[in-house]
Amino acid sequence: ADITYIRIQTGFVYLAAILDAYSRRAIGYTISASQGVQYASKKYVEELKNHGFEISMSRKGNPYDNATMESFFKTLKYKEMYLCEYKTLADVMNRLI
C-alpha cells in the first residue's frame with residue numbers, strides 16, 4: 001500500500017492504493033482531495049494490528065523498500081497521469097475509476 005499525488009488545476013488530489021503482492025493487482029484504492037490518514041499514524045497502525053496485519057514501513061526516501069507499489073504508480077503515471085491535464089477531482093475520478 002502507498003499514496004501518491006495527482007496534480008489538478010487547483011493543486012493536488014491523492015490516490016491511495018493497495019496491491020496484492022502475489023498477483024500485483026490493485027485490490028483497493030481511494031481518491032481524495034485531502035491526504036487523509038498517514039500510514040504511520042497511531043490510529044491506522046492500531047487498526048491494522050487489530051486485524052492481524054504485519055506492518056512494514058519503508059525508510060524515508062528509499063523507493064526500493066516498496067518497489068512493487070512504486071512500480072505500479074510509475075506505470076500509472078506514465079500511461080495515464082502524465083498524458084492528461086486534470087482540472088478537478090471529478091476529472092481524476094472519471095479517468096481512473
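Numbers for residues simply follow the sequence, beginning at 1. Below, all heavy atoms of this structure are taken into account, side chains as well, without hydrogens, waters or symmetry copies.
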**Asked** More than 12 heavy atoms of other residues, nucleotides or ligands under 6.0 Å from NZ of K77: is that the case?
**Response** yes

**Request:** Look at the rings of Y82 and Y78 and say which category their plane angle falls in: under 30° parallel, 30 to 60° tilted, over 60° perpendicular.
**Result:** perpendicular

**Message:** Restricting to non-hydrogen atoms, name the atom on Y86 and the atom on R95 that form the minimum distance, rounded to 0.1 Å.
**Reply:** CE2-CG, 3.7 Å

**Message:** Check for me, please, whether I97 and V13 land in the same ILVMFWY cluster - side-chain distances under 4.5 Å, paths through other members count.
**Reply:** yes

**Matching residue for F72 among E70, M69, K74 - test: side-chain contact (heavy atoms from CB on, under 4.5 Å)** = M69

**Message:** Just verifying a value: how many Å separate R7 CZ and M81 CE, rounded to the nearest 0.5 Å?
**Reply:** 13.0 Å

**Item:** Check: L96 and L76 side chains under 4.5 Å, non-hydrogen atoms
**Value:** yes

**N94 side chain vs D91 backbone, donor-acceptor pair below 3.5 Å** = no

**Message:** Can you confirm whether the side chains of K87 and T10 place a donor and an acceptor under 3.5 Å from each other?
**Reply:** no

**Asked** Is there side-chain contact between R25 and L19, with heavy atoms separated by less than 4.5 Å?
**Response** no

**Complete:** CD1 of I18 to CG of D2, rounded to nearest 0.5 Å, is 11.0 Å

**Message:** Y29: which residues meet the ring pair (Phe, Tyr, Trp, His ring centres under 6.0 Å) condition with it, sequence neighbours left out?
**Reply:** none

**Message:** With a 3.5 Å distance limit and no angle check, can you tell me whether S71 reaches the backbone of A67 through a side-chain donor-acceptor pair?
**Reply:** no

**Request:** Show your working on side chain to side chain contact (heavy atoms under 4.5 Å, CB included) between L15 and F73 and close with a plain yes or no.
**Result:** CA-CA 10 Å; L15 168 64; F73 280 147; 3.8 Å; yes

**Prompt:** Between F53 and I3, is there a shared hydrophobic cluster once you connect ILVMFWY residues whose side-chain heavy atoms come closer than 4.5 Å?
**Reply:** yes

**Item:** Heavy-atom closest contact (I8 atom, L89 atom, distance)
**Value:** CD1-N, 4.2 Å

**Prompt:** When rounded to the nearest 0.5 angstrom, what is the spacing between OG1 in T88 and CD in Q9?
**Reply:** 9.0 Å

